[in-house]
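Take a look at the structure set out below.
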Amino acid sequence: MSADFKNRLSEAICHAVDLDNDLQVKWTLPKREGQGDLSTNIAMILANQRKTQPRQLADEILKKVVWPQNEIEHAEVAGPGFINIWISNDHYRKIVNDIITSGRNYGASDIGAGHKVIVEFVSANPTGPLNIVSARAAAIGDSLVRVLNKTGFDVSAEFYVNDSGKQIRKLGESVIAISRNDAVPEDGYHGDDIISIAKELSSEGVLSIESDPENIGKAAAKKNVVVQKDALESYGVNFDRWFLESELHQQGGPETALEKLKAVGAVKEEDGATWFSGSKFGDEDRVIITSEGRPTYLLPDISYHLNKAERGFDTAIDLLGPDHHDYAGRMRAAMKALGHDSFLEVLIVQQVHFVSGGEKVKMSKRAGKIVTLQQLIEEVGEGDLVRGRDIARYFFMQRRTSTPLEFDLDLAKEQSERNPVFYVQYAHTRICGILRQDGCPDPLDADLSYLDKGEEINLIKHLEQFGEIIQRAAESREPQKLVSYLHDLATTFHKFYTACRVVGVEKNISAARAALSNATRIVLAEGLNLLGVSAPERM
RNA sequence: GCCCGCGUAGCUCAGUUGGAUAGAGUGUCUGCCUCCGGAGCAGAAGGUCGCGCGUUCGAAUCGCGCCGCGGGUACCA
């Protein structure tokens, strides 16, 4: 239901009960048959304030109210005092036209207009290929970006590359050790990927000229970034910017951040170390420069987030792994100290467990199981990279971000009705099949007044919700909401399909149904697109 | 100990921000192919929403207290 339409209804009710604003009037979709198309509880809320009976007040409202135009067919009081209204089929038929004329734009809105948002996700260390946790974060982050775009936010996707610090030096040391056939340091990096990088660097001559672990580490990191970028690209994920931590250091970012923290009295010296006084801002005190004079990771990270704010973003959304959830508190405290309260939103992307044959699969390198994003795509798509991407992304999007996810590898690989990805894609394919038929009339010639069967109207009702679902997904930062919506829409279409033939029935009916099918195709395709999943015309 | 997240059908999970008789998928039964691709549709069965108080017209949803599971708790990143 469009916000505009609801507002008109709300105004009508306000007018009837002498309310000066319509904010209190909320409309919901009733769950059950026989409860109309829209429902409001305003009578129950007002009855409380006005010390009267809800049902009586609801009756009064219905007596006085003047509904806009003639889109309302019927209204009645139900249950404890709900006002349920039935909307005319004419209203719904217009939706089909709206969809077809808006095309891919259908469902777009401008609720985010004027907001500049940066979404940072994955941000894996450049010490190896991307793992499975990154794969989930990438799917969610990228969809979130698409959804925010669709709702009018000015959004940027960013990957923060930790290309400086301890782990880079360690990476360099590992590469050097491997090239000399020495033992890799205790907490260093080993594995096929490091070995091949060592080979590349030595054949490029880098290893012979350069022996400083830091510089070797940087060179290796650069190669890893390329590997990560490639994997993400075949996953359909693109970033507007790969922000290098080293850039931050070159600009003296951490030093500036420290000065700014000092300026607001958020820094103290104790036990020979320098601390951020987080306890003043709702967190705990944290060391930012060790007693040995080395900055901890916190300082560059504060500097990085400050940098985001200085680039003009009003909101920063970070997707982090479950091992980082108290990072959120300290970073928010730091931003608060620097005058950017409520700037940072943190989404914790929970753990992924793989299941096969009813048992948990350990994701260990040693066991030779799937560890990287690339391996997952290949495994699940059985060599077909597009299919692998579709399945992986859809599966990762099936659960709320904050819920641990069980990934059933057997189900994912199964090409059957049990696989939810195919169920949704199949609805799209089916429509394409219908519209491809020789006897299928041109949907553009349709007279929509021929749509009046229950299954037809019901399908339109689902299509109409698309925009609202996207808005809720954007506002709650939960692009997953689209998944259940699309599954639902596919179900509604399949029901329509079994109840209503499109091709081979009376000409006018046929054209109207073709138009409805076409509208459904558009919404399915765009919905899948927001998930980063393809909408195939044939399967 | 403290911080964060999670407990909903046998299993995996939704739940429109506090609404009406609790929703899917999957698994188990039962039906439907002369038919736009059956990768589909219809039906049955399956619930003390972890437990207990509280808030109110109304709670799976909000508050408090327990119980259970997971993660975090560095002068590591």
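Heavy-atom basis, side chains included; hydrogens, waters and symmetry copies ignored. In what follows, chains carry the letters A, B, and so on, assigned in the order in which the sequence lines appear, proteins first and then strands, with residues in each chain numbered from 1.
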Open item on the list: I'd like to know if A:T296 reaches the base of B:rC75 with its side chain such that a donor and an acceptor end up less than 3.5 angstrom apart.
Closed with: no

Open item on the list: Tell me the closest heavy-atom pair linking A:P404 and A:Q350, and the distance in Å.
Closed with: N-CB, 3.6 Å

TODO: Round to the nearest Å and state the distance from A:M539 atom CE to B:rC36 atom P.
DONE: 18 Å

TODO: Under 4.0 Å between any heavy atoms, over every strand shown, what does A:A47 touch: base, sugar-phosphate, or nothing? Just pick one.
DONE: nothing

Open item on the list: Base, sugar-phosphate or nothing for A:R501? Non-hydrogen atoms, less than 4.0 Å.
Closed with: base

Open item on the list: If the cut-off is 4.0 Å, is A:R32 near the phosphate of B:rG23, judged by side-chain N/O to OP1 or OP2?
Closed with: yes

Open item on the list: Between A:E455 and A:K495, does any NZ, NE, NH1 or NH2 come within less than 4.0 Å of an OD or OE carboxylate oxygen?
Closed with: no

TODO: Using the P atoms only, state how far B:rC41 lies from B:rC13, rounded to an integer number of Å.
DONE: 23 Å

Task: Nearest-Å distance for atom pair NE2/C1', residues A:H324 and B:rC4 - done: 14 Å

TODO: Using the C1' atoms only, state how far B:rG58 lies from B:rA42, rounded to an integer number of Å.
DONE: 35 Å

- [ ] Measure the spacing between CZ of A:R136 and CG of A:L319 and express it to the nearest 0.5 Å.
- [x] 10.0 Å

Task: Cation-pi check, A:K6 onto A:W27 ring (under 6.0 Å, within 45° of axis) - done: no

TODO: List the atom of A:R393, the atom of A:S143, and the distance in Å for their closest heavy-atom pair.
DONE: NH2-OG, 3.8 Å

- [ ] Select base, sugar-phosphate, or nothing to describe what A:D285 touches, counting heavy atoms under 4.0 Å on all strands.
- [x] nothing

- [ ] Return the orientation label for the A:Y160 and A:F243 ring planes: parallel under 30°, perpendicular over 60°, tilted otherwise.
- [x] tilted

Open item on the list: Under 4.0 Å, heavy atoms only, any strand: does A:S517 hit a base, just the sugar-phosphate, or nothing?
Closed with: nothing

TODO: Between B:rU16, B:rA24, B:rA39, spot the one nearest the side chain of A:F422, thanks.
DONE: B:rA39

Open item on the list: With a 4.0 Å limit, can you tell me whether A:T498 has a side-chain N or O closer than that to the phosphate oxygens OP1/OP2 of B:rC35?
Closed with: no

Open item on the list: Could you tell me how far B:rC53 sits from B:rC67 if I compare only their C1' atoms? Round to whole Å.
Closed with: 15 Å

- [ ] Tell me which nucleotide among B:rA14, B:rA77, B:rU12 gets nearest to the side chain of A:S484.
- [x] B:rA14

TODO: Round to a whole Å and report the spacing from NE2 of A:H353 to C1' of B:rC69.
DONE: 11 Å

Task: Presence of A:K481 side-chain N/O under 4.0 Å of B:rG15 phosphate oxygens OP1/OP2 - done: yes

- [ ] Compare the aromatic ring of A:F82 with the six-membered base ring of B:rA20 and state whether they stack according to the 5.5 Å and 30° rule.
- [x] yes

Open item on the list: Could you tell me if A:R513 sits above the aromatic ring of A:Y450, with its cationic atom closer than 6.0 Å to the ring centre and no more than 45 degrees from the axis?
Closed with: no

Task: Atom-pair distance (CZ on A:R399; P on B:rC13), nearest Å - done: 6 Å

Open item on the list: Distance check needed: B:rC3 C1' versus A:R330 CZ, whole Å only.
Closed with: 11 Å

- [ ] Take the protein atom CD1 of A:I45 and the nucleotide atom P of B:rU17, then report the distance between them rounded to whole Å.
- [x] 11 Å

TODO: Measure centre to centre between the rings of A:F407 and A:H353, then say whether the value is under 6.0 Å.
DONE: no

TODO: Round to a whole Å and report the spacing from CD1 of A:I288 to C1' of B:rC76.
DONE: 16 Å

Task: Nearest-Å distance once atom P is located in both B:rU30 and B:rU12 - done: 26 Å

Open item on the list: Parallel, tilted or perpendicular, judged at 30° and 60°: which one describes the rings of A:F281 and A:F276?
Closed with: parallel

TODO: Would you indicate, yes or no, if B:rC6 has its OP1 or OP2 atom less than 4.0 angstrom from a side-chain nitrogen or oxygen of A:R400?
DONE: yes

Open item on the list: Using whole Å, what does the distance between atom P of nucleotide B:rU17 and atom CZ of A:R477 come to?
Closed with: 17 Å

TODO: Using both pair distances under 3.5 Å as the test, note the stems of at least 3 consecutive Watson-Crick or G-U pairs that include RNA chain B.
DONE: B:1-7 with B:67-73, B:10-13 with B:23-26, B:28-32 with B:40-44, B:50-54 with B:62-66

Task: B:rG10 versus B:rU56 - spacing of their P atoms, nearest Å - done: 34 Å

Task: Along RNA chain B (nearest heavy atom to each residue), the more 5'-positioned of A:W27 and A:Q350 - done: A:Q350

- [ ] Sticking with atom P, work out how far B:rA39 lies from B:rU61, rounded to a whole angstrom.
- [x] 42 Å

Task: Heavy-atom closest pair, residues A:D163 and A:L244 - done: OD2-CB, 3.7 Å

Open item on the list: Any side-chain N or O of A:Y497 below 4.0 angstrom from OP1/OP2 of B:rC35?
Closed with: no

Open item on the list: For a quick check, tell me whether the side chain of A:S39 and the base of B:rA20 share a donor-acceptor pair closer than 3.5 Å.
Closed with: yes

Open item on the list: Students often get this wrong, so: under 4.0 angstrom with heavy atoms, is A:C500 touching a base, only sugar-phosphate, or nothing?
Closed with: base

Find every protein N or O atom lying less than 3.5 Å from an N or O atom of nucleotides 58-63 of chain B, and list the pairs.
none

- [ ] Please check if the distance between the ring centroids of A:H462 and A:F493 is under 6.0 Å.
- [x] no

Open item on the list: Is a donor from one side chain sitting under 3.5 angstrom from an acceptor on the other, for A:S134 and A:N131?
Closed with: yes

Open item on the list: What's the gap between B:rG47 and B:rC32 when it is taken at their C1' atoms, as a whole Å value?
Closed with: 30 Å

Open item on the list: Assuming nearest nucleotide by heavy-atom distance, tell me which of A:M44 and A:P54 is located more 5' along RNA chain B.
Closed with: A:M44

